[in-house]
Amino acid sequence: MQREGVCFVGYGETAYIRPKGEDRSPLRYMAEAIRLALDNSGLQKKDIDGLALISTTHPDDSPFVAEQLGMELDWLLRADFGGASAVISARRAADAIQLGQIQVAVCVGADVFRPVVPLMRAYPRVNYIEPFGYGGPNSLFALTQRRHMAMYGTTREQLGKIAVSVRRNAELNEHALFRTPMKMEEYLNARVVSDPVRLYDCVMPCSGAAAFVMTSESKAKQITNNPIYLVSDGEKSNYRVEDINTDWTVTGLRGISKELFTRVRHKEIDFVEIYDDYPIAILMQLEDLGFCPKGDGGKFVDSHDLTVEGDFPVNTGGGQLSGGQPGFAGGHLHVVEALRQLKGEAGTHQVKGARTGLVTGIGLLGYNVNLCSWSAMILQGDRAW
Amino acid sequence: MVTEDFTKKPLPAITDIDREFWDGVNNNKLVVQKCLDCNTLQFFPRPVCVHCFGEKLGWQEVKGTGKVYSFTIVTVPRSPAFRKQVEQTGTPIIFAAIDLDEGIRMMSQIVDCKPGDVQIGSKVKAIFELVEGTDFKVPKFRLEK
Ligand SMILES: [Zn+2]
């Protein structure tokens with residue numbers, strides 16, 4: 001849908017780390033990210049009247065979490081959309097702000113890479129996937145990747161170009177977990193995990209939290225001279241779930257790309273932050289967002305420079321592939337990076353002329369559908385950096 | 001909350017929704033849900049028909065033959081018990097999505113062949129295999145000659 005009067009004013013993220021010994025509680029990460037986001041916004045805790053959160057490794061119900069953070073709220077949401085939680089949280093917060101229910105919403109995700117309580121897993125996964133020896137999400141994406149390669153001739157070199165390019169972006173980003181340069185040969189010859197998926201196709205789970213702050217346009221203008229506007233957004237759950245044999249190379253973004261690009265055209269997008277649990281996920285999303293025809297994602301990445309210095313910057317901070325995947329806070333990492341770019345605060349990895357960015361969030365591997373949750377939004381600042 | 005015994009192969013947590021499916025498997029039959037209102041077949045078993053939302057669901061035996069939609073060679077299975085099997089036998093798991101001839105898709109394992117023998121489109125047929133250390137069967141697939 002098209003938005004009026006809703007802005008992003010700040011962001012915050014903890015370091016993304018894999019501590020060897022004892023880790024901190026997810027709630028400590030969460031509190032730190034919120035504090036950093038408030039600092040970045042010029043707001044205080046008392047200004048927050050809405051909170052959207054996700055933490056699978058701290059599964060307390062959201063009012064309990066808010067109680068522990070000492071927050072009195074008029075609006076509270078536990079987002080349970082996996083990696084789509086950040087964008088979907090932003091959409092729900094935008095609704096509440098537009099309706100006048102709240103003034104300031106914080107959306108936060110926090111997870112640790114070694115859960116202290118067993119993770120909940122869905123019935124189709126437990127009864128119809130796990131008994132057959134799969135390798136976790138790596139195997140489910142491997143099925144889709146093999147299918148895409150067979151149908152469209154997509155090559156590992158093309159997927160490798162994505163992995164190598166986002167690593168280049170991570171080299172320039174002090175927040176990223178993996179900053180040593182990666183050569184194409186290293187990507188191609190990496191250890192097989194679930195063929196055709198190899199080590200550098202996979203995100204590395206880590207601990208961390210990320211948060212962002214949203215408010216009305218009028219409030220935003222009081223606190224900053226650089227509000228970032230939510231232009232358009234959409235989500236799709238269980239795209240084509242009634243088709244019992246869905247094409248797994250098609251993503252739910254196909255169902256929302258038209259409304260996303262109503263006011264902003266593709267060529268106006270200065271950079272994209274595409275939810276990247278795997279390079280093939282980026283490729284399929286670029287196709288279904290309409291940057292190229294279906295199946296031409298490989299050719300598209302061949303013909304563009306995907307680094308922050310390039311003509312089509314993808315995951316300008318290294319995304320999760322090089323930044324690390326802080327559980328279901330992974331989606332928030334992409335929103336934070338988009339805001340950093342649009343506020344002109346990305347320093348060494350700033351995209352020149354960044355004014356309009358696109359962020360996606362995808363989550364929860366399904367059974368009949370490839371993923372259950374798909375979401376995206378376009379953000380725009382008043383000025384190009 | 002699901003608790004796991006990491007020394008054993010994962011088994012399904014059977015409910016009233018899918019008991020007939022697993023009873024069928026353990027009698028060497030592959031049965032899937034059929035909507036009695038609109039005649040659509042569906043898999044995995046659900047509380048309602050995904051097409052017409054009907055709650056009158058029966059069960060129909062399928063032939064167990066189909067084609068490989070896609071597959072992956074798993075060298076690092078998620079379950080520690082499967083991981084141990086791969087380490088001990090030196091043989092990876094072939095995990096696959098299979099389109100049955102009746103038009104439904106099922107994820108399972110392809111056994112009794114080499115990884116290089118499987119292709120997208122390969123013809124397969126269901127078999128019923130005991131999970132080691134149990135008297136419980138799960139459906140797997142073999143390549144058809
Ligand atoms: Zn029906």
Side-chain angles (χ1 to χ4, degrees), chain A residues 56 59 115-151 190-199 201-202 238 240-249 278 280 365-370, chain B residues 1-4 9-15 17-18 21-22 40-46 49-52 68-79 81-83 85-86 92-97 99-100 103-111 115 119-121 131 136 138-141:
Chain A
T56 49
V116 291
V117 289
L119 295 181
M120 262 280 290
R121 295 180 335 276
Y123 148 76
R125 185 77 63 90
V126 172
N127 282 22
Y128 294 101
I129 296 181
E130 293 191 348
F132 304 107
Y134 89 134
N138 297 335
S139 286
L140 300 179
F141 264 99
L143 295 178
T144 294
Q145 179 173 321
R146 185 183 300 281
R147 191 75 199 171
H148 201 283
M149 292 169 84
M151 283 176 80
R191 181 162 61 82
V192 178
V193 175
S194 189
D195 185 74
V197 163
R198 297 187 181 220
L199 188 63
D201 291 303
C202 310
N238 299 323
R240 296 181 173 171
V241 68
E242 287 186 34
D243 298 343
I244 222 76
N245 285 346
T246 55
D247 178 349
W248 283 349
T249 67
Y278 299 84
I280 189 66
L365 285 147
Y367 193 96
N368 288 121
V369 296
N370 44 17
Chain B
M1 200 65 74
V2 179
T3 52
E4 290 173 275
K9 297 260 171 84
L11 294 176
I14 298 169
T15 73
I17 288 174
D18 67 346
F21 173 78
W22 291 108
T40 309
L41 298 180
Q42 66 183 16
F43 188 81
F44 55 97
R46 292 167 158 97
C49 167
V50 297
H51 286 269
C52 73
V68 174
Y69 174 73
S70 192
F71 67 99
T72 174
I73 313 299
V74 188
T75 35
V76 190
R78 181 187 176 279
S79 139
F82 274 109
R83 222 150 47 220
Q85 175 194 315
V86 169
I93 307 285
I94 307 169
F95 179 76
D99 283 343
L100 297 180
I104 50 177
R105 186 172 300 158
M106 191 175 275
M107 283 188 252
S108 180
Q109 202 179 317
I110 300 175
V111 294
Q119 300 293 326
I120 285 179
V131 177
F136 184 82
V138 296
K140 295 184 179 174
F141 286 81

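In what follows, every chain begins at residue 1, and chains take the letters A, B, ... in the order their sequences are listed.
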CZ on B:Phe44 to CZ on A:Arg125, rounded to 0.5 Å: 11.5 Å
Approximate separation, where rounding is to 0.5 Å, of B:Arg105 CZ and A:Trp248 CH2: 5.0 Å
Within-4.5 Å side-chain heavy-atom neighbours: A:Tyr367 and B:Met106: yes
Between CZ on residue A:Arg146 and CD on residue B:Gln119, distance to nearest 0.5 Å: 8.0 Å
Heavy-atom contact with chain A under 4.5 Å, split by part of B:Pro92: neither
Which portion of B:Ile73 sits near chain A, non-hydrogen atoms under 4.5 angstrom: both
Residue pair B:Val50 / A:Glu242: nearest heavy atoms and the distance that separates them: O-CG, 3.2 Å
Expected output: side-chain B:Thr72 to main-chain A:Ala142 donor-acceptor under 3.5 Å: no
4.5 Å side-chain heavy-atom contact, B:Met107 and A:Tyr128: no
Euclidean distance, A:Tyr123 OH relative to B:Asp18 CG, rounded to 0.5 Å: 4.0 Å
Most contacts with chain B, counted as non-hydrogen pairs under 4.5 angstrom, among A:Asp243, A:Leu143, A:Ile129: A:Leu143
Closest approach of B:Pro77 to A:Gly133 (non-hydrogen atoms, all atoms of both residues): CB-O, 3.8 Å
Region of B:Ile120 in contact with chain A, defined by heavy-atom distances below 4.5 Å: side chain
Minimum-distance pair of heavy atoms, taken over all atoms of B:Ile104 and A:Asn245: C-OD1, 3.7 Å
Contacting moiety of B:Phe43, where chain A heavy atoms sit under 4.5 Å: both
Structural part of B:Pro115 lying under 4.5 Å from a heavy atom of chain A: neither
Between CZ on residue B:Arg78 and CZ on residue A:Arg121, distance to nearest 0.5 Å: 4.5 Å
Side chain proximity check, A:Asp247 to B:Tyr69, heavy atoms < 4.5 angstrom: yes
Atom group of B:Phe95 that falls short of 4.5 Å from chain A, counting heavy atoms: both
Contact winner vs chain B - A:Asn138, A:Val192, A:Val241, heavy-atom pairs under 4.5 Å: A:Val192
Most chain B-contacting option - heavy-atom pairs closer than 4.5 Å, from A:Leu140, A:Thr246, A:Thr144, A:Val197: A:Thr246
Smallest separation among heavy atoms of A:Ser194 and B:Val74, with atom names: OG-CG2, 3.7 Å
Main-chain N/O of B:Phe71 paired with A:Asp195 side-chain donor or acceptor, under 3.5 Å: no
